[in-house]
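What follows is a set of notes on a single structure, which appears directly below.
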Amino acid sequence: MQTGLLYNAVQTSGHLGRGTVAMSSPCNAACFPRVRRVAIFGGTHGNEMSGITLVNMWMKNGAEVQRNGVLTKPFITNPGAVEKCTRYIDTDLNRAFTPENLSTPSGDGLPYEVQRAKEINQLFGPKGSPDAYDVIFDLHNTTSNMGSTLILESSTDHFNLQMVHYIKKATAPESCAVLLNEHPQLRYATTRSVSKHPVGLEVGPQPQGVLRSNIFESMRMIVKHALDFIELFNSGVEFPTCTVEAFRVHERVDYPRDTNGNITAMVHPRLQDCDWEPLNPGDPMFQTFDGWSIPYAGDGPVYPAFINEAAYYEKQQAFVATRRETLAAAAIRLASE
């Protein structure tokens with residue numbers, strides 16, 4: 001197991017993230033309590049096969065995901081959708097963890113995924129409480145050419161920033177992008193948001209309902225590195241200040257449509273499969289069915305992700321436009337017990 005990585009020192013400020021105890025130290029480190037409970041979710045979407053297969057494997061033999069002093073629980077979140085190999089039964093589970101859903105009384109009339117959200121919140125939460133699991137890794141596949149992508153919900157959760165920095169170093173030279181979904185109007189109530197430190201993992205491209213060995217192994221290794229980081233942290237290793245390159249969600253871009261809501265153009269071939277590459281003003285973005293190009297008309301470059309994602313046609317999204325930035329992570333260490 002790796003016991004040390006090199007980090008760049010930067011000055012940082014801001015909030016320290018949920019579950020943090022701020023303490024003074026010679027290096028002004030943010031102090032977090034010991035990580036005791038970790039969940040690994042698969043099957044939030046029932047046709048994304050890598051996470052489902054890994055979680056089922058670890059439920060039978062979890063030796064490779066166990067770490068000293070940590071309870072690691074692999075868990076299938078949406079068994080009804082997994083059984084039918086469909087994204088969901090009634091509604092998207094990865095959008096269902098709203099305060100309204102979690103507080104509504106249980107009953108036979110609830111959508112299947114809302115009932116599951118309430119059950120998951122009781123098992124791994126309650127969301128926002130001190131009793132919630134410390135970390136949840138939620139495993140997903142995408143049909144887009146995004147490679148391995150870690151998804152964060154906060155730019156000030158320094159524990160997660162340090163963890164993704166460790167993972168990126170450990171997986172080098174292979175690329176592992178970081179998507180920051182912190183936009184107040186574009187955020188959604190994810191399954192992993194039940195935990196104190198939620199981390200999403202998207203790996204692709206992989207078709208829905210298909211299992212590809214290279215995608216499976218990439219996901220497996222990233223989970224291994226994340227658990228190694230947690231074990232190092234719990235053992236007392238201090239992680240110095242560092243920076244993390246991230247792609248912050250800026251807007252969601254829909255396909256061109258007619259007055260009846262029908263799509264009138266496709267993702268342009270020069271944009272297709274070019275996730276994380278710059279899309280500049282004037283670059284072709286869509287192509288009409290009779291061959292005309294529709295250019296991007298923004299005021300500066302963006303970095304598209306989830307380009308032509310199959311699951312997002314129903315969400316009226318052709319891709320998500322992101323902007324590149326560097327996040328500063330405070331030094332972190334284990335809080336005194």
Side-chain angles (χ1 to χ4, degrees), residues 14-15 17-18 41 44-45 48 87 92-98 136-161 163-165 167-168 175-195 197-205 222 243-255 267 271-281 283 285-286 296-329:
H15 301 293
R18 290 188 290 175
F41 285 174
T44 293
H45 296 133
E48 297 177 2
R87 183 173 173 86
D92 194 334
L93 181 62
N94 209 33
R95 309 293 190 275
F97 286 76
T98 63
I136 291 177
F137 301 108
D138 192 16
L139 309 183
H140 291 264
N141 290 122
T142 174
T143 63
S144 301
N145 190 33
M146 289 170 59
S148 297
T149 303
L150 292 156
I151 303 179
L152 301 182
E153 302 186 3
S154 170
S155 60
T156 57
D157 182 340
H158 295 281
F159 182 89
N160 272 356
L161 290 175
M163 179 159 53
V164 301
H165 182 257
I167 293 168
K168 285 171 67 70
S175 175
C176 186
V178 176
L179 179 67
L180 176 62
N181 189 11
E182 200 178 37
H183 194 294
Q185 279 79 48
L186 301 179
R187 297 185 65 168
Y188 46 90
T190 61
T191 312
R192 58 191 173 267
S193 66
V194 168
S195 69
H197 303 290
V199 182
L201 175 56
E202 290 273 0
V203 188
I222 287 173
T243 58
V244 175
E245 183 182 273
F247 295 88
R248 182 186 290 271
V249 172
H250 172 60
E251 65 176 327
R252 294 192 171 97
V253 179
D254 191 13
Y255 298 89
V267 169
L271 177 60
Q272 181 64 51
D273 298 327
C274 294
D275 298 74
W276 309 124
E277 296 181 18
L279 178 66
N280 296 295
D283 287 348
M285 180 172 57
F286 296 110
Y296 172 61
D299 57 2
V302 293
Y303 296 81
F306 289 107
I307 297 172
N308 207 12
E309 162 62 48
Y312 288 169
Y313 276 76
E314 69 172 31
K315 300 185 187 303
Q316 300 187 333
Q317 178 180 311
F319 62 88
V320 59
T322 74
R323 288 186 170 161
R324 197 167 166 176
E325 64 180 79
T326 299
L327 304 177

Q.
By the definition ring-ring contact (aromatic ring centres under 6.0 Å, His included), identify the one residue from Trp276, Phe319, Phe306 that meets it with Phe247.
A. Trp276
Q.
For the residue pair Thr142 / Glu202, report whether a side-chain donor-acceptor contact shorter than 3.5 Å exists.
A. no
Q.
Within the structure provided, determine whether Val302 and Arg323 are in side-chain contact (heavy-atom separation under 4.5 Å).
A. yes
**Q.** Approximate separation, where rounding is to 0.5 Å, of Met163 CE and Leu152 CG
**A.** 8.0 Å
Q. Atom OG1 in Thr44, atom NE2 in His140: separation rounded to 0.5 Å?
A. 4.5 Å
Q. Atom CZ in Phe159, atom NE2 in His197: separation rounded to 0.5 Å?
A. 5.5 Å
Q. Is there a side-chain contact (heavy atoms from CB on, under 4.5 Å) between Phe41 and Asn94 once you walk through the steps?
A. CA-CA 11 Å; Phe41 285 174; Asn94 209 33; over 6 Å; no
Q) Within a strict 4.5 Å, meaning less than it, do heavy atoms of the Val267 and Tyr255 side chains meet? A) yes
Q | Closest heavy-atom pair and its distance - Lys168, Cys176 | A | NZ-O, 2.8 Å
Q.
Can you give me the closest heavy-atom contact between Lys315 and Asp92, atom names plus distance?
A. NZ-OD2, 3.0 Å
**Q.** Nearest-0.5 Å distance, CG of residue Asp157 to CD of residue Glu182
**A.** 10.0 Å
Q. Do any N or O atoms from the side chain of Asp283 and from the backbone of Tyr296 form a donor-acceptor pair under 3.5 angstrom?
A. no
Q) Taking Ser144 for the side chain and Ile307 for the main chain, is one N or O donor matched with an acceptor at less than 3.5 Å? A) yes
Q.
Minimum heavy-atom separation for Pro198 and Asn160, please, with both atom names.
A. O-ND2, 3.1 Å
Q: Of all the heavy-atom pairs spanning Leu161 and Ala329, show the shortest one and how long it is.
A: CB-CB, 3.7 Å
Q) Counting distance only, does the side-chain N/O of Arg252 pair as donor-acceptor with the main-chain N or O of Leu186 below 3.5 Å? A) yes
Q: Quick one: pull up OG in Ser154 and CZ in Arg187 and give me the separation to the nearest 0.5 Å.
A: 7.0 Å
(Q) Would Thr143 and Asn308 count as a side-chain contact (heavy atoms from CB on, under 4.5 Å) here? Give the steps. (A) CA-CA 8 Å; Thr143 63; Asn308 207 12; over 6 Å; no
(Q) Tell me the closest heavy-atom pair linking Pro281 and Gly298, and the distance in Å. (A) CG-O, 3.3 Å
(Q) With side-chain contact (heavy atoms from CB on, under 4.5 Å) as the criterion, how do Leu201 and Ile151 come out once you've worked through the C-alpha distance, each side chain's angles and the decisive distance to 0.1 Å? (A) CA-CA 6 Å; Leu201 175 56; Ile151 303 179; over 6 Å; no
(Q) Evaluate Arg248 against Thr322 for side-chain contact (heavy atoms from CB on, under 4.5 Å), listing each step before the verdict. (A) CA-CA 5 Å; Arg248 182 186 290 271; Thr322 74; 5.8 Å; no
**Q.** Thr191 side, atom OG1; Arg95 side, atom CZ - distance, nearest 0.5 Å
**A.** 9.0 Å
Q: Run the salt-bridge test on Arg192 and Glu153 with the 4.0 Å N-O cut-off and return the result as yes or no.
A: yes
Q) Do Asn141 and His45 get their side chains close enough for a donor-acceptor pair, meaning under 3.5 Å? A) no
Q) Taking side chain as C-beta onward, heavy atoms only, is Glu245 less than 4.5 Å from Thr243? A) no
Q. Do you know which of Leu150, Asp138, Ile222 makes side-chain contact (heavy atoms from CB on, under 4.5 Å) with Val199?
A. Leu150
Q | Sidechain-backbone polar pair: Asn145 side chain, Pro205 backbone, donor-acceptor under 3.5 Å | A | no
